[in-house]
> 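Please read through the structure below; I'll follow up with questions.
Below, chains carry the letters A, B, ... as their sequence lines are ordered, and counting in each starts from 1.
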There are 2 protein chains.
Amino acid sequence: MIREYLENVLKEVALDIVIFAFREGRMEVLLLKWKHTDKYSLPGGRIRVDESLKDAVTRTVEERTGLKGVFLQQFQVFGELDRYAYYSAQQTREYLERALGESLEDLDLLSRTVSIGYYALVNGERAQPKPDAFTEACAWWDVHDLPRLLFDHNHMIVRALETLRREIRYQPVGQLLPEKFTLGELHRLFEVILGIPLDRRNFHKIVTGYDFLIRLNEKKVGAAIRAPQLYSFNFKKYYAALKEGVGL
Amino acid sequence: MIREYLENVLKEVALDIVIFAFREGRMEVLLLKWKHTDKYSLPGGRIRVDESLKDAVTRTVEERTGLKGVFLQQFQVFGELDRYAYYSAQQTREYLERALGESLEDLDLLSRTVSIGYYALVNGERAQPKPDAFTEACAWWDVHDLPRLLFDHNHMIVRALETLRREIRYQPVGQLLPEKFTLGELHRLFEVILGIPLDRRNFHKIVTGYDFLIRLNEKKVGAAIRAPQLYSFNFKKYYAALKEGVGL
DNA sequence: ATCACAGTGCGTATTTTTTACGCACAAGAT
DNA sequence: ATCTTGTGCGTAAAAAATACGCACTGTGAT
């Protein structure tokens with residue numbers, strides 16, 4: 001099955017996807033643990049010869065999370081000759097063979113490839129992580145407390161975060177929240193992405209001034225202290241506002 | 001020679017480069033005219049198996065302009081299945097055969113490829129455009145007055161411009177100017193990239209407040225009316241400031 | 001010579017945006 | 001009741017962006 005798949009994909013181009021979720025006040029990324037090793041990597045994939053780049057990424061994200069229609073953004077192409085940071089090409093080859101449970105001789109999975117880096121913004125509550133054929137676990141990791149990853153994947157995550165931080169005004173970071181959320185959650189989301197504290201009250205004032213936030217007639221149940229007001233997005237208006245750039 | 005080159009490059013990945021220059025108050029891009037046709041395209045290239053992506057782009061820009069150390073920025077990967085906008089795959093194949101002067105049967109130049117879009121910011125005075133083996137002309141064109149290009153290259157230029165406009169605070173657009181320039185030229189450069197008028201006097205005030213601008217002890221010679229003051233960049237300080245973002 | 005003119009160069013208001021922070025109130029935990 | 005945590009509203013100061021007046025300086029036209 002793996003062989004059949006690999007015969008119908010582009011060989012020189014790979015995809016690596018930094019799938020972000022906001023869970024319990026932290027930014028987390030989805031990592032795969034390779035079978036029969038303690039080595040981790042980003043979820044990735046290949047482009048089938050009969051599908052577009054965008055379709056390939058969408059498919060891969062759906063395979064790993066079960067989610068359709070996820071927001072995706074290209075952030076960088078990685079094209080260095082040597083893309084092995086913590087583990088050498090030789091070691092990586094060994095891990096891959098262990099994970100696949102067979103020899104690689106004729107598969108040629110690790111020869112020169114250029115990798116297209118995407119990040120995805122997903123709702124952590126709805127995602128249902130699933131490992132792929134090479135891997136035995138697929139789980140969330142705090143972006144600030146990651147293991148050493150295979151290839152240049154640690155670097156990729158750093159670059160994805162930098163890009164998201166710089167373009168936060170134009171990117172739908174609200175996609176990281178559940179359908180109904182409190183302003184406190186939105187506030188923490190911005191703080192954790194930007195890495196700086198934002199005044200609670202100013203944030204509240206600015207954000208409630210936007211017409212793409214819908215104040216719902218319900219309050220959060222099971223809240224620790226006090227039932228906070230729930231909000232949701234009018235995504236049509238939200239995306240329109242993002243084109244111009246949404247402050248704070 | 002073409003064959004030999006094409007045997008040692010990645011087949012599924014192409015490069016297309018939007019080379020910008022600021023010439024006589026206009027933003028211009030370098031276009032190639034294919035031999036024995038009246039069809040145009042962006043300069044492009046391939047990645048040799050033994051060179052990094054960055055080296056490949058740098059080499060291609062140098063081949064087309066004679067310039068070394070040019071500023072380059074990835075802006076998008078184009079991975080649609082059908083990347084033929086104004087001219088069909090069939091027509092494009094015909095033009096390519098005419099340009100090459102031989103049959104393509106075994107060359108397979110037009111099968112499925114993913115193209116990495118870069119833009120370059122070059123000094124229009126120093127660049128010396130040179131056509132490549134496929135093309136008979138290499139010349140500057142006003143970005144607002146372009147012919148219909150092959151593939152999806154018109155779209156690529158639009159996307160490159162949009163990216164440059166949005167990221168102008170972080171990109172070294174000063175690289176588009178000659179070593180010595182007047183504030184008027186810098187002013188027009190920003191206006192033409194942003195597409196909006198900027199108050200002359202405010203611009204002057206803000207920009208002279210930056211310490212990366214060096215006021216030279218000379219004035220422009222041969223100026224129409226009055227010899228204006230010349231400036232140049234302290235590029236080290238300029239690049240440091242760009243990391244934080246340079247206003248206006 | 002002098003006058004119109006295009007462009008540089010400097011200054012001062014005004015408006016808008018960002019940042020800082022005071023405080024009332026609501027409701028679960030003890 | 002009272003402590004604590006977080007919502008919600010307001011005002012004030014600081015900073016940045018915008019608007020615009022005007023003097024000066026060379027050059028070409030008259």
> Please give, in whole Å, the distance from dT7(D) C1' to Asn202(A) CG?
14 Å
> Rounded to the Å, how far apart are Phe190(B) CZ and dT18(D) P?
14 Å
> Distance check needed: dG9(C) P versus Asp199(B) CG, whole Å only.
15 Å
> Would you mind reading off the distance between Leu230(A) atom CG and dG8(D) atom C1', rounded to a whole angstrom?
15 Å
> Select one nucleotide: of dG9(C), dG8(D), dT7(D), the one nearest the side-chain heavy atoms of Pro228(A).
dT7(D)
> Toward the 5' end of DNA chain C, which comes first, Gly184(B) or Lys205(B), by nearest nucleotide?
Gly184(B)
> Okay, side chain of Tyr238(A), backbone of Gly174(A): is any donor-acceptor separation there less than 3.5 Å?
yes
> Tell me which of Arg200(B) and His204(A) sits closer to the 5' end of DNA chain D, going by the nucleotide each one is nearest to.
His204(A)
> Specify the separation, in whole Å, of atom CG of Leu194(B) and atom C1' of dA17(D).
14 Å
> Under 4.0 Å between a side-chain nitrogen and a carboxylate oxygen: does that hold for Glu63(B) and Arg59(B)?
yes
> Rounded to the nearest angstrom, tell me the gap between atom CZ in Phe203(B) and atom P in dA19(D).
16 Å
> If I take atom CZ in residue Arg201(A) and atom P in nucleotide dT7(D), what distance separates them, rounded to the nearest angstrom?
12 Å
> Ignoring hydrogens and angles, state whether a donor on the side chain of Gln73(A) or Tyr119(A) is under 3.5 Å from an acceptor on the partner side chain.
no
> Just to verify, what does Glu125(B) make a salt bridge (Lys or Arg N to Asp or Glu O under 4.0 Å) with, not counting sequence neighbours?
none
> Rounded to whole angstroms, how far apart are CG on Leu216(A) and C1' on dT7(D)?
16 Å
